[in-house]
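Notes for the one structure printed next.
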Amino acid sequence: MSDDPLFPADFLWGAATSAYQIEGSPLADGAGPSIWHRFAHTPGRVLNGDTGDLACDHYRRLVEDLDLMAGLGLGAYRFSVAWGRVLPEGRGSVNPKGLDFYRRLVDGLLERGIAPMLTLYHWDLPAALQDRGGWLNPDSPGWFADYADLMFRALDDRVPLWVTLNEPWVVTIPGHLDGELAPGHRDLFEPPRVAHHLLLAHAEAVAAYRALGRHRIGLAVNLEPQHPASASPEDRAAAARRDAFINRWFLDPLLLGVYPPELAALFGPAWPAFPDADLKRIQAPTDFIGVNYYSRGLVRADPDVQPLGAVRVTPEPAPRTTMDWEVYPQGLTETLLWLKERYANPPLYITENGAAFADGGPLDGETPDPRRVDYLRAHLLAAQEALAQGVDLRGYFVWSLFDNFEWARGYGQRFGLFQIDPVSLARVPKSSARYYRDLIRRHRGGSRGRGA
Ligand code: IFM
């Protein structure tokens, strides 16, 4: 295989971001606060006290950023809508100025020949809904479906690709068990119900979409193959449990109509008896799966860690990013082939892939980031291998367009193709931006891909 990835001419080339991580101005023009606004402003929750108040200032630099995407030659851009900009209370009255921002974003993309992929929920629940119990409230799927319906009516004539939820597992576990991410809960009894409501929220939004949408809708999940850290039966069993816990928790009910049986065993009395009718609703057909891939899980049994009885370890020595994630491109091929085998070859997009490295450098030229270039190349070759083995892979989105607010880790983790000058907020390209632009150009031969 050559060193230069080669994909079909109609492959979709994109970059991804999310609202709270880049927009800034979280309360501008009548927007309601989100749980992330609240969390970041709670002392001790985010490293260095960083917040999304300014972020990349994308809300005010929209046109400049659209031009920058056009300069890269992107075929698609994946972004998320801040629910509370559109519905400040999460439901009820619409904030026209908030909706208008996303109209201008979508129109600006289309004017530049870039297909919008719109994610409805990337973790920033309106704080007013959290005050009603958030995703623990059995009404939460209905709140989400009403918001989704509003967005479909406003934008489906121009948005060809919709993602309901981004990484529901992260909402469920770091958000409600580990307490690391908003809303910062630590309660063994919450994750099963939160996850179930997220799945129902996805299903109800898809049902609303079937009634009026004309394009395609899917779900984005974080996946990583789980490998035992040793050949011991304990580590093997721990890796199998972690596979059910992370990779299958959402996909099995969605695509096979059942929860992995391991989950009820892990959660014990905290796992409710979910009605069969709910599982039937959840299994309604989805048009594609979005795969967010960064690394693998190397798993060691650890009875002190509950409920999983397992921890992720980093092999020594191993190339790794500043997130302490092992660089493991072959895991992407493995993940894509696993999806093909287990779930009957569903249409896939890699909706996130990228790496945090501590690159910084001249703010007046191009910032060298050779490790990110290597990371992207290796992962694209891994994706190409999966495609060659029959995986129905349709596109790839780099995470992320900019260095941005990496949640509880603040601004210290840099995933971007562009760095942001901390004073002028100028967007400074890294070598990876040039690498990606050239790669896209080579594939397009000057013309646009199939869009979506
Ligand atoms: O920054 C996040 C993104 O919001 C969700 N997926 C993983 C990325 C890197 O941690």
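Counting convention: from 1, in listed order, for ligands and their atoms alike. Only this structure's heavy atoms are used, side chains among them; waters, hydrogens and symmetry mates stay out.
The protein heavy atom nearest to atom 1 (O) of ligand 1 is Glu406 OE1, 2.6 Å. Annotation: atom 5 (C) of ligand 1 to nearest protein heavy atom, Glu352 OE1, 3.3 Å.
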Go through the steps for Asp243 and Gln226 under the test side chain to side chain donor-acceptor pair (under 3.5 Å), then give the verdict. CA-CA 6 Å; Asp243 181 54; Gln226 305 298 329; 5.8 Å; no
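For Arg103, there are no salt bridge (Lys or Arg N to Asp or Glu O under 4.0 Å) partners two or more places apart in sequence or in a different chain. For Thr322, the side chain to side chain contact (heavy atoms under 4.5 Å, CB included) partners two or more places apart in sequence, or in a different chain, are Ala356, Ala358, Gln413.
At least one heavy atom of His122 sits under 4.0 Å from some atom of ligand 1.
Of the candidates Phe415, Tyr294, Trp407, the one placing a heavy atom closest to atom 8 (C) of ligand 1 is Tyr294.
Two residues are said to be in side-chain contact when any heavy atoms from C-beta on lie closer than 4.5 Å; Tyr375 and Val327 meet this criterion. Under the 4.5 Å side-chain criterion, counting only non-hydrogen atoms from C-beta, Trp13 is in contact with His443.
The shortest N/O to N/O separation between Glu167 and ligand 1 falls below 3.5 Å. Considering both main-chain and side-chain atoms, Trp325 never comes within under 3.5 Å of ligand 1 through any nitrogen or oxygen pair.
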